[in-house]
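As structure tokens, the structure follows; a few thoughts come after it.
Residue numbers start from 1 in every chain, and the chains themselves are labelled A, B, ... in the order their sequence lines are given, proteins ahead of strands.
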Amino acid sequence: MTAAVSRVKILAVGAALPSLRLTAGDVTATWGAGARRGTTAVCAPDEDVLTLSWHAAERALAAAGVDPTDVDGLWWGTSRPPFAEGPSLSLLAAALRLRDDIAGALNSGSTLAGLDALLSAWDAVAAGAARVALVVGADALRPGLGTAFEAWAGAGAAALVLRAGDGPATLTHRVARGRPVLDRYRGDREPATRDLYDSRLFREQIFLPLIDDIGAAISDGVDAWSLPDPDGRLGAAAAQRVGASVVSSGEAYEAAGDTGSAAPLLGALAALAAPGVVAIVGYGGGRMSAVTIEVDTEVPGAADVHRVLASGRRSSYPEVLRARGELVPSGETVEMAVPPGSAAFVRGEVEMIGLLGARCIDCGTVNTPPSVHPACTGCGGAKLEEIALARTGSVHTFVVNHTMPAPFVAPLPLVVVDLDDGARLMLQGTSDDATSLAIDDRVELVLRRYTVERGVPVYGFKVHKVETATKGETP
Amino acid sequence: MSWNRVAVVGAGLIRFGELFDQSYEQMAAGAFTAAMANVDKGFEPVQVEAAMIATQRGTLWGQEGIGGNTVPTALGIAGIPCTRIENACPSGSDAFRIGAMAVASGVHDVVLVIGVEKMRDKSTEEGLLARAAAGHPVYTRGESAPVLFAPFATRHMHEFGTTREMLASVAVKNHHNGTLDPYAHFQTEVTVEQVLKAPPVCHPLHLLDCCPQTDGAAAAILVNAERAREFTDHPVYVAGFGVATDHPYLHEKTTFTALPATVKAAERAYAMAGIGPADVDLAEVHDCFTITEILDIEDLGFCEKGKGGVMSIEGETALTGRIPVNPSGGLLAKGHPIGASGVAQLTECWWQLRGQADGRQVTIRNGFALQHNVGGRGSGVSVVNVLTTNAS
């Protein structure tokens, strides 16, 4: 059944992939399975679904030219929220510097969660409950070791900014079908996702009947399709069934594999760069949903998606296993002196994840973090105002630490960065920059997962190089 | 005119090293015995009126909350007033300063200052390196001890052209001095090439740019200057001292080519002693890393800012140089049992001023020796003590 809902616009979009790329053939060769083409995008040890979601959302907000405080709601869809039960949504909102009174919800439970989030946000804007809504679909799938799914499971995030009123693209139609069947499944206490069904059973009895129904409902006039491809083959079958001539999702699957809840959105973003009708079809948890979008003019951020999909560093299978927590060195790890459940986190989480500072009204010095600075380090004054720190700057000095106990992983850069608003911070750098950092390098601050402490992920910003200085020493 | 209200009449230490066979208490007793044995006219434990103990981190040997009572019991003088001083790497030198103030106040005439530190009862990973996970969950995470100084090396090299060879010259000199110090942890020479080729610890610092992890204890006996002659005919006086602080986060530093706490502490100590850097015959300074000694000699006024590397590589800080620095071998060769380090440096100054430093004896022209520590989060605590043989 096609339903026409009150028209809601897409203002801008953004995408993010993690930094590692795993070659599918390396996985299949390890397990003695047949050769497989393609790569999947995999999280580095300090990346996860929250950091990817932050990055995609930041890009979408920047492309939209929307100030974070103008966002009225955050709808986040992921089958793998950073906390199975915990402050996932509020952490993402704080990291994005959204207001603390926003609407929104975390959609989860299946890989349809990203599309569910889009529909929920659409409803909220259409109903007038939110004027500007931020939608993020993201996942960092964790496959079972040695499964066929392992060479296809990926990670990524896609974000859209919705608004009532004017905009370059319009959400027009939606359709949904459901069957109460098990498909991809993960129970409590299970770290890895498993595929329950024989692939032929799934294809013939579940997937193709659903795609036929959906296609019949929305295929008229569609110029480009984002289609589900949960195993690397069904995408082609779906394209044939709906009669798609342009499948925009192919590029994202090729680059990143199956990005779960991100996949339907990620597969559509690039198509929003050109006028026409784009259909997004998603599948998960026994349900298939689709929306159509009419693009009038290029949606800001859409053209940048090709660059994001082409990024990343090729990684070895052992490196990926280590990043996923499958390969763990033996021995003790040192505990964080301040446990995540302690009062220091209650006092300091917002300023830490929102990257806030306290600017002295008298002398202008920026003191970080505010909660430990009742007095200014510059002049001793007590008149301080909280500010959101700049997230770009230059390297003032740095070290690369090679000697730390587990769970630290060497080489670890620690960078003193002079931010473009005059603040100075010391933060960890990313491991990829360890061998090339130099004084005066231009850097940006990106949200990363610092550690998983006593089972709880702890997030903060890290320094990441954006371009190389013309002079300076290298390690 | 120096302050000179307090005299040091005895000082001593145990041989530093990985003292797996000695307990914290045994090390303390050893240092106390050594200091008493060095009192010219004899000293008995019962003469101690009060004690200041410096132990920086009890957690390194499984003692979370060590107080002021562990050491008196170990020394057989339980019951005396005793306070534990913990002020980062300058803990020992600050215990000395506070002990001197206790004597100068007239409350006590005889005060024992003793620094004791167990660094190696725990593995490196569980011990000293565990500080990488201490402090702020993000802003100091990964900040093991070399991180407090290595960014200064990076910047000093960038701004002043200081080279790794210049850093290495500090290690080579201090290891040479260590071969002449029977109390040093390391008593072997190292070459510039060995320092340069050592494995990286925290870029740009490599293994031999770093002090070792060392167990040790040192003690000094402070008395009212008016009573010094009861104990010795060759007293050494406390000429002055200074302590200063700086912000605890590295990102709060306004400079990465100087340690402002050292500059301020030195200004205060010089003013109190009525001297300037040119009057100092020798200095025992905080060389936890090679770059630290280069910063120290600049911040203490022994050379212009930026010239510390050149001054070192040209030999001006050698035993026979213009201003001998770390004749004991410094923390790099003698070792750095944190609470004991300052007291051991003062012991070396005491020996040097009394002409008792044997093969490493430097020329005493003016009768002043300077002792310095700096450390803590953001290298934000520094203590400078000045000793003299000149009766005021």
Spacing of [X] atom [atom1] and [Y] atom [atom2] [to the nearest 0.5 Å]:
X: A:Thr377; Y: B:Asp246; atom1: OG1; atom2: CG; answer: 9.5 Å
X: B:Glu143; Y: A:Met404; atom1: CD; atom2: CE; answer: 12.5 Å
X: B:Met157; Y: A:Thr397; atom1: CE; atom2: OG1; answer: 10.5 Å
X: A:His402; Y: B:His206; atom1: NE2; atom2: NE2; answer: 7.0 Å
X: A:Leu412; Y: B:Ser144; atom1: CG; atom2: OG; answer: 9.0 Å

*Mark yes or no for whether B:Thr154, through its side chain, and A:Phe398, through its backbone, hold a donor-acceptor pair below 3.5 Å.*
yes

*Picking from B:Gly142, B:Pro146, B:Pro199, which has the most non-hydrogen pairs under 4.5 angstrom with chain A?*
B:Gly142

Using side-chain heavy atoms (C-beta onward) and a distance below 4.5 Å, is [X] in contact with [Y]?
X: B:Glu252; Y: A:His373; answer: yes
X: B:His203; Y: A:Leu437; answer: no
X: A:Met426; Y: B:Val147; answer: yes
X: B:Leu129; Y: A:Val334; answer: no
X: A:Gln428; Y: B:Arg141; answer: yes
X: A:Phe345; Y: B:Pro137; answer: yes
X: A:Leu425; Y: B:Tyr139; answer: yes
X: A:Ile439; Y: B:Arg155; answer: yes

Contact origin within [X] toward chain B - heavy atom pairs under 4.5 Å:
X: A:Val372; value: side chain
X: A:Tyr450; value: both
X: A:Thr333; value: neither
X: A:Pro340; value: neither

[X] [atom1]: over 12 foreign heavy atoms closer than 6.0 Å:
X: B:Lys307; atom1: NZ; answer: no
X: B:Glu193; atom1: CD; answer: no
X: A:Arg97; atom1: CZ; answer: yes

*Heavy-atom contact with chain A under 4.5 Å, split by part of B:Thr254*: backbone

Tell me, out of [options], who's got the most heavy-atom pairs with chain B below 4.5 Å.
options: A:Val417, A:Asn367, A:Asn401; answer: A:Asn401
options: A:Ala337, A:Ala344, A:Pro413; answer: A:Ala337
options: A:Asp418, A:Val338, A:Leu414; answer: A:Leu414

*Where do B:His158 and A:Asp440 land on the side chain to side chain contact (heavy atoms under 4.5 Å, CB included) test, with the steps shown first?*
CA-CA 10 Å; B:His158 178 81; A:Asp440 297 335; 4.2 Å; yes

